[in-house]
Amino acid sequence: MARYDFRATEAKWRARWEEAGKFAVAEDPGRPKYYVLEMFPYPSGRIHIGHVRNYTLGDLLARYKKAKGFNVLHPMGWDAFGLPAENAAFERRVHPAEWTYANIETMREQLRGMGLSYDWSRELATCAPDYYRHEQKMFLDFLREGLAYRKESWVNWDPVENTVLANEQVIDGRGWRSGAPVEKRLLSQWFLRTTAYREELLEATAGLDRWPERVRTMQHNWIGRSEGARILFEIGGREERLEVFTTRHDTLFGASFCAIAANHPLAAALAEDDPALAEFIAECNRSGTGEAEIETAEKKGHDTGLKALHPFVEGLELPVYVANFVLMEYGTGAIFGCPAHDQRDLDFARSHGLAVLPVVLPPGADAASFEIGDEAYVGPGTVYNSDFLDGMAVEEAKAAMADRLEAALAGRRETAWRLRDWGVSRQRYWGCPIPVIHCPDCGVVPVPEADLPIALPDDVDFEAAGNPLDRHPTWKHVACPDCGAAARRETDTFDTFFESSWYFARFCDPRGETAFSRESADYWLPVDQYIGGIEHAVLHLLYSRFFMRALRKCGYLGIDEPFAGLMTQGMVCHETYRDDTGWLFPDQVRRADGGGYVRADNGAPVEVGRVEKMSKSKRNVIDPENIIRTYGADTARLFMLSDSPPERDLEWTESGVEGAWRYLNRLWSRIAEPERPLPPAGTPRPAELSPAAQALERAVHKTVKAVGESVERWRYNSAVARVRELSNALAAAGGDGPGEGWAARFGYETLVRLLEPMTPHIAEEMWGALGHEGFLCDVPWPDYDPALAADETVTLGVQVNGKRRGEIEVARDSSEDSVRDMALDLDPVRKILAGREPRRVVVVPNRIVNVVA
RNA sequence: GCGGGCGUGGUGGAACCGGUAGACACGCCGGACUUAGGAUCCGGUGGCGCAAGCCGUGGGGGUUCGAAUCCCUUCGCCCGCACCA
């Protein structure tokens, strides 16, 4: 049997595609465009299996759409700024740029080995000044439009590394690298005004109908709109009023205290004369924000001695606490506590001896006997103990209370949002410099556009902790662009999510002098199909959505939504193996003779654990390069597609990969060395076809229909199954009757065309082996004849009372009467009816017959 | 706690609108060829039963001529968010 030489063949076709520029595209107003994008990778060193899945899925779609006649943009680039490069610099003394570009080289070669249909002429790396200069300009535009600003804010501070950490870099309240407890610090930071579009972002999520429901929900919750009221409490003996946000103003008559956040300005003012309070605030700032700590943290408070006056109860004074469970970042940073109807307030009230007065009576409860125990009542009910609200339902009471607050000038209706502005300052070297200058006289001065890009200096020192830009001897010393005085360059860099918020637009016009031309953006955007991991469900996707609106305001483009379709792929999983030495890599074990696994080196028994996401810690990882070296890219791609639908997790199995490998080899040998030679390419369909040839012809049309539908519905695994089904039919065929040779050729040719988006190299090679010149990737997707894609005869199941009792074969679209008669004539049906007339016979044309006895 | 999702053979999964449950694979069993097989080819494979047949989509109930699919309820698992007032 002719062995398929994947090494030579795959390399050959990649070279040919590249030489012929098969996947380079340009705007073409005459053709419908389709923009397929996979989330670009961070160049961490090597491609991992998740990338392989991501790009295989994207490539299938890109090649399919190209074959369907679309002008397909399918680019690839590198999300190249980020912390790992700085860690490498610190640990191995390599410059971040050198490390990053070396990784890009490696990974690009790995990607090339997969045969992906990228327009490599559009490749970009975000760490290149030619890329980030444009976002420096965007930032200046944002500044001008009021979409960027600087303010003091509380941040995570690592006291050992002397730097701000992102929330993601704080693990259980400690710096991820130093292990030091993270503190909260008030620092001046740059922000992008994401909140300017919060309403629009929230409302537009509903329109993202080609996004997964759960991603839309996550964004919805992240933006987090709550309708409520702001209430202004007079404070005894002070001028200012305490402003509180609540969504439960219906429970105001149940209030027994007020509480403010440790970072509330009022707390800071009071702490100046109260050392105990100052110590309490410091303690709050030290305590972690990690989930586990919040879960276990006690509700603590410090009584300020102030009294807030209840707006509607004469003489009722509410003690004001500084409390550790009140967040400065949400609402007004102050609350009123109604212990009966809020669990946190109840916990706090119980430990501080405060009153618990129920004001909402659950349906059916008795006002005289209803009491609050350890659980607050948060459900619906009738308001009581509440003066003018008595007898109202909760929603009604909220409205009435809001009216009274507004009338009394003691408050107003208000909507609170969970979404905060995006803090983009990072005290890092390997990021895009923020293009502003701090002048002692003029304040913050934007860098003049003519001076862009502000490039990173190369000669930096990573020996000490902290930001190398800040330590650089000369870089930050500049003259003020306005007054010429000695000034200081901003040494913070952007959060790396800045780069990924617009790279898809840069791909439209990656070599231009501007970020991208309006024409190219108008032609290509939005991305028609974006594919990537669920881990970006909020941050990256939300930032990008904000960016489109901000760029629209600055005149860069005219769209709101960057990604019309989003597909979040599942993870790649693998069995885990361990013995008494710990976790084992898959290549450290082998199948034992009697089933199970043993160690490859000494035959010692191995415990097989559950199938889990591939991770370094569990060692259940497969290196894609090994797979591609052993089986070739087509095999890896085919297996990636065949075992699970794209959005679901995929279990990587050696036997599955081997199955894919055997299939391709089997198919190759049938095409390269057919048992019966096929008629030459271009042989017309004979007028006469044997029944077998007709059946095969129909099977081909059916397959084309089914594969197309499966691809459109993200059922790539089913598409592969239909292809294999046709392969089985072709292998079983092979008679000498009229037209059977033609039908076999028709079958194999169509099969190869359907395989092209899945396994492009071997498909091209088979196309050649079938006697065709030229590129298969230029051949359009096959059409099918609807008449031939439907069976001529159909087999109908015959049920009696919904239970299957037999089947009948009838011509398609047979009359209901004839079908009914045939069904009633079946032996099992007659047996059950025993001469009685059926009560009813349901005939669903071409589907089923159900006899109701 | 709130929100989203998922439960189908030994395994991954298929079944678009309610219409013959288990496509296609993996695995396993049997056979052929072979010096050999972890190659290839052929056959079998949801469970119980000798069979006729019965039972089967996490459990219970409902709607329907007919339910994996719709509704109610319950159990289990996964994911996201969360002192959000």
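As the structure is a prediction and not an experimental result, all values here were calculated from the model. Here is the naming used below: chain letters follow the sequence lines, and residue numbers restart at 1 for every chain.
- Glycosidic conformation, C17(B): syn, with the torsion inside 90° of 0.
- Straight-line distance between the P atoms of G37(B) and C29(B): roughly 15 Å, to the nearest whole Å.
- Under the Watson-Crick or G-U wobble criterion, with both distances below 3.5 Å, G56(B) has no partner in any strand shown.
- U11(B) atom C1' lies 16 Å from atom CD of Glu654(A), rounded to whole Å.
- The partner of C65(B) is G19(B), by the rule that a Watson-Crick or G-U pair needs both atom distances under 3.5 Å.
- Across all strands, Arg648(A) comes closer than 4.0 Å only to sugar-phosphate atoms, never to a base (heavy-atom distances).
- Rounded to the nearest Å, the gap between the P atom of G47(B) and that of G10(B) is 7 Å.
- Aromatic ring centroids of Tyr716(A) and Trp714(A) lie under 6.0 Å apart.
- Taking side-chain N and O atoms only, Arg713(A) has no distance below 4.0 Å to OP1 or OP2 of C16(B).
- One interatomic measurement links the two molecules: CZ of Arg804(A) to P of G19(B), which rounds to 15 Å at whole-angstrom precision.
- Among the heavy atoms of the strands lying under 4.0 Å from Arg805(A) are primed sugar atoms or P, OP1, OP2 only; no base atom is included.
- Rounded to an integer number of Å, the gap from Leu650(A) CG to C26(B) C1' is 13 Å.
- Residue Arg662(A) has a polar side-chain atom (N or O) positioned under 4.0 Å from OP1 or OP2 of A39(B).
- Using a 4.5 Å heavy-atom cutoff, the side chains of Val851(A) and Gln799(A) are not in contact.
- At the heavy-atom level, Glu725(A) lies under 4.0 Å from the strands shown only through sugar-phosphate atoms.
- Counting to the nearest Å, the C1' atom of G80(B) and the CZ atom of Arg214(A) are 8 Å from each other.
- Of the nucleotides present, G31(B) is the one that pairs with C41(B) by Watson-Crick or G-U wobble criteria, both distances under 3.5 Å.
- Computed from coordinates, the Arg350(A) CZ to C83(B) P distance equals 24 Å when rounded to whole Å.
- Contact check, Ser226(A) against A85(B): a side-chain N or O comes under 4.0 Å of OP1 or OP2.
- For Arg724(A), taking side-chain heavy atoms from C-beta onward, the closest of the listed nucleotides C16(B), A25(B), A21(B) is A25(B).
- Summarising the geometry, the separation between CD1 on Ile848(A) and P on C65(B) is reported as 15 Å, rounded to the nearest angstrom.
- Distance noted for atom P between G60(B) and U8(B): 16 Å (whole Å).
- Among the protein residues, Asp345(A) comes within range of no part of the nucleic acid, since none of its heavy atoms lies under 4.0 Å from any strand.
- Checking side-chain atoms of Asn324(A) against main-chain N and O of Cys284(A) turns up no donor-acceptor pair under 3.5 Å.
- The P atoms of A23(B) and A15(B) are separated by 12 Å, rounded to the nearest whole Å.
- Residue contacts shown for Gly224(A) are absent, as no nucleic acid heavy atom lies under 4.0 Å away.
- Across the strands present, G12(B) finds its partner in C24(B); the criterion is a Watson-Crick or G-U wobble pair with both atom distances under 3.5 angstrom.
- The side chain of Pro645(A) sits closest to A14(B) out of A14(B), A82(B), U20(B).
- Nucleic acid contact for Asn850(A): base, since at least one base atom lies under 4.0 Å from a heavy atom of the residue.
- At a threshold of 4.0 angstrom between heavy atoms, the contacts of Val852(A) are confined to the sugar-phosphate backbone, with no base atom among them.
- Under the Watson-Crick or G-U wobble criterion, with both distances below 3.5 Å, G3(B) is paired with C79(B).
- Arg840(A) places no side-chain N or O within donor-acceptor distance of the main-chain N or O of Val852(A), the cut-off being under 3.5 Å.
- Regarding the sugar-base torsion, G44(B) falls in the anti class, its angle being beyond 90° of 0.
- Judged purely by atom type and a 3.5 angstrom limit, Arg216(A) uses its side chain to pair as donor or acceptor with the backbone of Leu208(A).
- With Thr251(A) contributing its side chain and Gly254(A) its backbone, the two residues share no donor-acceptor pair below 3.5 Å.
- Atom name C1', nucleotides G56(B) and G9(B): the rounded distance is 10 Å, in whole Å.
- Within 4.0 Å of Ser718(A), counting heavy atoms only, lie sugar-phosphate atoms of the nucleic acid but no base atom.
- Other residues, nucleotides and ligands contribute over 12 non-hydrogen atoms within 6.0 Å of the CZ atom of Arg241(A).
- One C1' atom belongs to C54(B), the other to C41(B), and the distance between them is 37 Å to the nearest Å.
- Between Gly802(A) and Val538(A), the residue anchored nearer the 5' end of RNA chain B, judged by the nucleotide with its closest heavy atom, is Gly802(A).
- Per the geometry, CG belonging to Leu638(A) stands 14 Å off C1' belonging to G12(B), to the nearest Å.
- A salt bridge is defined here as a Lys NZ or Arg NE, NH1 or NH2 lying under 4.0 Å from an Asp or Glu carboxylate O, and Arg230(A) with Glu243(A) meets this definition.
- With hydrogens and angles left out, the side chain of Arg722(A) and the base of A23(B) share a donor-acceptor pair within 3.5 Å.
- Phosphate contact (OP1/OP2 of C41(B), side-chain N/O of Arg666(A), threshold under 4.0 Å): present.
- A close approach under 4.0 Å does not occur between any side-chain nitrogen or oxygen of Arg847(A) and OP1 or OP2 of G18(B).
- Distance CD1 (Ile223(A)) to P (C81(B)): 15 Å, rounded to an integer number of Å.
- Counting non-hydrogen atoms under 4.0 angstrom, Pro212(A) reaches nothing in the nucleic acid.
- When distances run from any side-chain atom of Ala721(A) to the nucleotides G19(B), G3(B), A23(B), the shortest one goes to A23(B).
- Taking side-chain N and O atoms only, Lys803(A) has a distance below 4.0 Å to OP1 or OP2 of C55(B).
- The separation of G76(B) from U57(B), taken at their C1' atoms, amounts to 16 Å, rounded to a whole angstrom.
- When atom types are taken as modelled, the side chain of Asp421(A) and the backbone of Thr194(A) share a donor-acceptor pair closer than 3.5 angstrom.
- Base contact: Val326(A) has a heavy atom under 4.0 Å from a base atom.
- Of the candidate nucleotides G12(B), C84(B), G5(B), G12(B) has the atom nearest to the side chain of Asp643(A).
- OP1 and OP2 of A82(B) both lie 4.0 Å or more from every side-chain N or O belonging to Arg344(A).
- Here, G46(B) and U35(B) have their C1' atoms 40 Å apart, quoted to the whole Å.
- Residues Tyr631(A) and Phe639(A) place their aromatic rings such that the two centres sit no closer than 6.0 Å.
- Toward the 5′ end of RNA chain B lies the nearest nucleotide of Thr653(A), the other residue of the pair Thr332(A) and Thr653(A) mapping further downstream.
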